[in-house]
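In this chain, numbering begins with 1 at the start of the sequence shown.
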Amino acid sequence: MRPQWTWFPWAHCQESTPPDPDQDREKIWAELFDELDVDKDGHIDLLELRTGLAGRGLSKRSVERIVKAGDTNQDGVLDFEEFTQYLRTHEKDLKLMFRNLDKNNDGEIDAAEIQQSLRTVGVEVSLKDASRILQRMDKDGTMTIDWNEWRDFFLFKPLTNMEDVARYWKRSMMLDIGEQLTVPDEFTEEEKKSGYVWRQLMAGGIAGCVSRTGTAPLDRIKVFRQVNGFIEFKGNVLSSFQYMIKEGGLRSLWRGNAINVLKIAPETAIKFTAYEQIKKMIRSRNESRTLRLHERFVAGSLAGATAQTAIYPMEVLRTRLTLGKTGQYSGIADCAKHILQREGVAALYKGYVPNLLSIVPYAGIDLAVYETLKFAWLNRNQGLADPGVMVLVGCGAVSSTCGQLASYPLALIRTRMQAQASLKGADKPSMVALLQNIVTQEGVAGLYRGISPNLLKVIPAVTVSYVVYEYTRIMLGVDIEGMIGGKGKG
């Protein structure tokens, strides 16, 4: 239970003449201001607001947003007029939000209405989960929320509509750990029309470029170790670095990174476009229906397969360039020329089948784990609040790591098949034969060869990706809640 504020006199006095609601609110706001103004200087600063609202579980960012929204003279503090004007405006927004949620116009919100409203913005919760969210706002135990309960709960929470809830979680979709097999997130029609979606995707793409470049040495070690047994390269992570530097100098640590970065843009664009089209096919005639979790998984998997099919030759080129010796290829075009002349077009799709099969376990487990962690947080933290950076990064990192662990054996087989033709005298077994050979010669552990550098890069990749994404998002004019150019969506 969170601490309750004793200075919220919600009960109305029994008088012969009904009190003016506006005057009642003004009186309450005056008491709030006096309580928060600790040093009694007639102003509330960030520290006083954070201290006074500590029991509400607001993040530092949320408190800063309150001050920024109410500080009309931009002096960094709120005087009484600014404070009351902010609350007056915010309560009007909350009233509109309450009426939109109250579908049957009975003056109360029940669990079904919360479930329906969250569903319309891409957050799928069960009726049981919706009831848990409701219980944290339900003060009188009626299992419904009236206007007073709704207003009291959100009075200092800077949310203006249910889409704000979904937008918090969309930030984590931009975390890039080197794989693009995740299921895309949902966007509203208004977000698509406003340009918010492409700004969001662009910010994520730039973050992915920086993140992959920063962790490229570990990624190259992973590829080397995955094909161990076909070439002479052996050793631990440290000896792997020494081997690469000795063979080609420091620059060789980033060999193959250029094409790994270049493929982000086409892969993201194709996957997002395909996902939108596949969703329309699944919805059939009911275009406004929100996809259920398993439908999102199917649509995301098919979209991922479409994108992978289109850009797969770039995957093969990346593997060949990564494994290449110094001077073997002059660049991406030269590598492609060598493959086409010596092996034919079919070589650009070596390992395509295990790569396609890896989408299902990766996307399925990533989505399931992420949704589970998200709803666990929502249920424990009053359902409708800012999860904060650590929660978003943590959920994204854990779910992506679980997805990688599940799909890693197929990824290893894919990489070995991609590398086969580049190795002199190497046999070229099929996917099944290669799987049998690995298990027979190296045991089950052989299916996870190279996973240590892959896991080592998760934390730095996610951290760098998130930081760069946040700064890029600001430069592109997309704020945390999805507003563009500092203006909220209409």
Side-chain angles (χ1 to χ4, degrees), residues 176-182 184 201-202 204-224 226-227 252-275 300-325 328-359 362-363 404 407-408 410-423 431 450 454 457 461 465:
D176 190 310
I177 60 173
E179 302 290 343
Q180 285 284 334
L181 303 180
T182 55
L201 294 177
M202 186 181 297
I206 294 172
C209 291
V210 177
S211 172
R212 293 186 184 196
T213 300
T215 58
L218 285 170
D219 195 60
R220 190 171 186 229
I221 291 175
K222 178 197 73 174
V223 175
F224 267 124
Q226 283 180 331
V227 297
S252 69
L253 297 178
W254 281 269
R255 191 170 294 162
N257 180 60
I259 194 166
N260 193 33
V261 167
L262 286 174
K263 72 186 181 71
I264 291 176
E267 185 173 9
T268 301
I270 293 170
K271 183 169 68 172
F272 178 74
T273 303
Y275 184 62
S301 296
L302 291 174
T306 303
Q308 284 289 302
T309 301
I311 61 95
Y312 192 75
M314 298 179 79
E315 294 280 3
V316 176
L317 289 172
R318 182 183 75 121
T319 298
R320 298 291 181 90
L321 287 165
T322 299
L323 295 171
K325 302 285 187 180
Q328 184 174 351
Y329 304 112
S330 61
I332 297 172
D334 184 54
C335 181
K337 180 181 176 181
H338 275 73
I339 293 174
L340 290 173
Q341 287 180 342
R342 299 178 182 180
E343 306 169 48
V345 177
L348 294 176
Y349 281 88
K350 282 187 176 295
Y352 173 74
V353 174
N355 182 70
L356 208 61
L357 293 176
S358 70
I359 292 175
Y362 187 104
Q404 280 200 21
S407 63
Y408 193 84
L410 287 167
L412 181 139
I413 292 172
R414 173 202 66 194
T415 304
R416 288 198 177 182
M417 292 182 72
Q418 289 173 341
Q420 284 171 356
S422 66
L423 303 171
M431 179 182 73
N454 202 49
K457 75 174 187 175
S465 180

Compare every heavy atom of Cys335 with every heavy atom of Arg320, then report the nearest pair and how far apart it is. CB-SG, 3.8 Å
Partner of Thr319 under side-chain contact (heavy atoms from CB on, under 4.5 Å), chosen from Leu323, Leu321, Leu317, Val316: Leu323
Non-neighbouring partners of Thr273 that pass side chain to side chain donor-acceptor pair (under 3.5 Å), sequence neighbours left out: none
Start with the C-alpha distance between Leu340 and Val345, add both sets of side-chain angles, then the distance that settles side-chain contact (heavy atoms from CB on, under 4.5 Å), and finish with yes or no. CA-CA 6 Å; Leu340 290 173; Val345 177; 3.9 Å; yes
Tell me if the CE atom of Met314 is crowded by more than 12 foreign heavy atoms within 6.0 Å. yes
Taking it one step at a time, do Gln328 and His338 satisfy side-chain contact (heavy atoms from CB on, under 4.5 Å)? CA-CA 10 Å; Gln328 184 174 351; His338 275 73; over 6 Å; no
Would you mind reporting whether Lys263 and Arg212 have side-chain heavy atoms less than 4.5 Å apart? yes
All heavy atoms of Leu262 vs all of Pro266, minimum pair found to be O-CD, 3.2 Å
Side chain to side chain contact (heavy atoms under 4.5 Å, CB included) partners of Ala216, counting only residues at least two apart: Trp254, Asn257
Begin from the C-alpha positions of Asn355 and Gln308 and carry the test side-chain hydrogen bond (donor to acceptor under 3.5 Å, both in side chains) through to its verdict. CA-CA 8 Å; Asn355 182 70; Gln308 284 289 302; 2.6 Å; yes
Mind checking whether Thr309 and Tyr352 have side chains closer than 4.5 Å, heavy atoms only? yes
Non-neighbouring partners of Arg255 that pass side chain to side chain donor-acceptor pair (under 3.5 Å), sequence neighbours left out: Glu247, Thr326
Sequence neighbours left out, what passes side chain to side chain donor-acceptor pair (under 3.5 Å) with Thr215? Give chain and number order. none
CD/Gln404 to NZ/Lys457 distance, rounded to the nearest 0.5 angstrom? 6.5 Å
Counting C-beta onward and ignoring hydrogens, is there a side-chain heavy-atom pair between Ile311 and Glu315 closer than 4.5 Å? yes
With the side chain counted from C-beta on, respond yes when Lys350 and Ile339 share a heavy-atom pair under 4.5 Å apart, and no when they do not. no
Test of understanding: with side chain to side chain contact (heavy atoms under 4.5 Å, CB included), list the residues that count as partners of Pro354, not counting sequence neighbours. Leu410, Ile413, Arg414, Met417, Met431
Contact summary for Tyr362 and Ser407, nearest pair of heavy atoms: CD1-OG, 3.3 Å
I'd like to know if Lys337 and Asp334 make a salt bridge, using a cut-off of under 4.0 Å between side-chain N and carboxylate O. no
Looking only at heavy atoms, what is the nearest atom pair of Ser211 and Ala461, with distance? OG-O, 3.0 Å
Closest non-hydrogen contact found for Ile270 with Ala310 is CD1-CB, 3.6 Å
Can you tell me if Tyr329 uses its side chain to pair, donor with acceptor, with the backbone of Ala336 under 3.5 Å? no
With sequence neighbours excluded, what pairs up with Thr322 under the side chain to side chain donor-acceptor pair (under 3.5 Å) test? none
Grab the two heavy atoms, one from Ile332 and one from Ala258, that are nearest each other, plus how far apart they are. CD1-CB, 4.5 Å
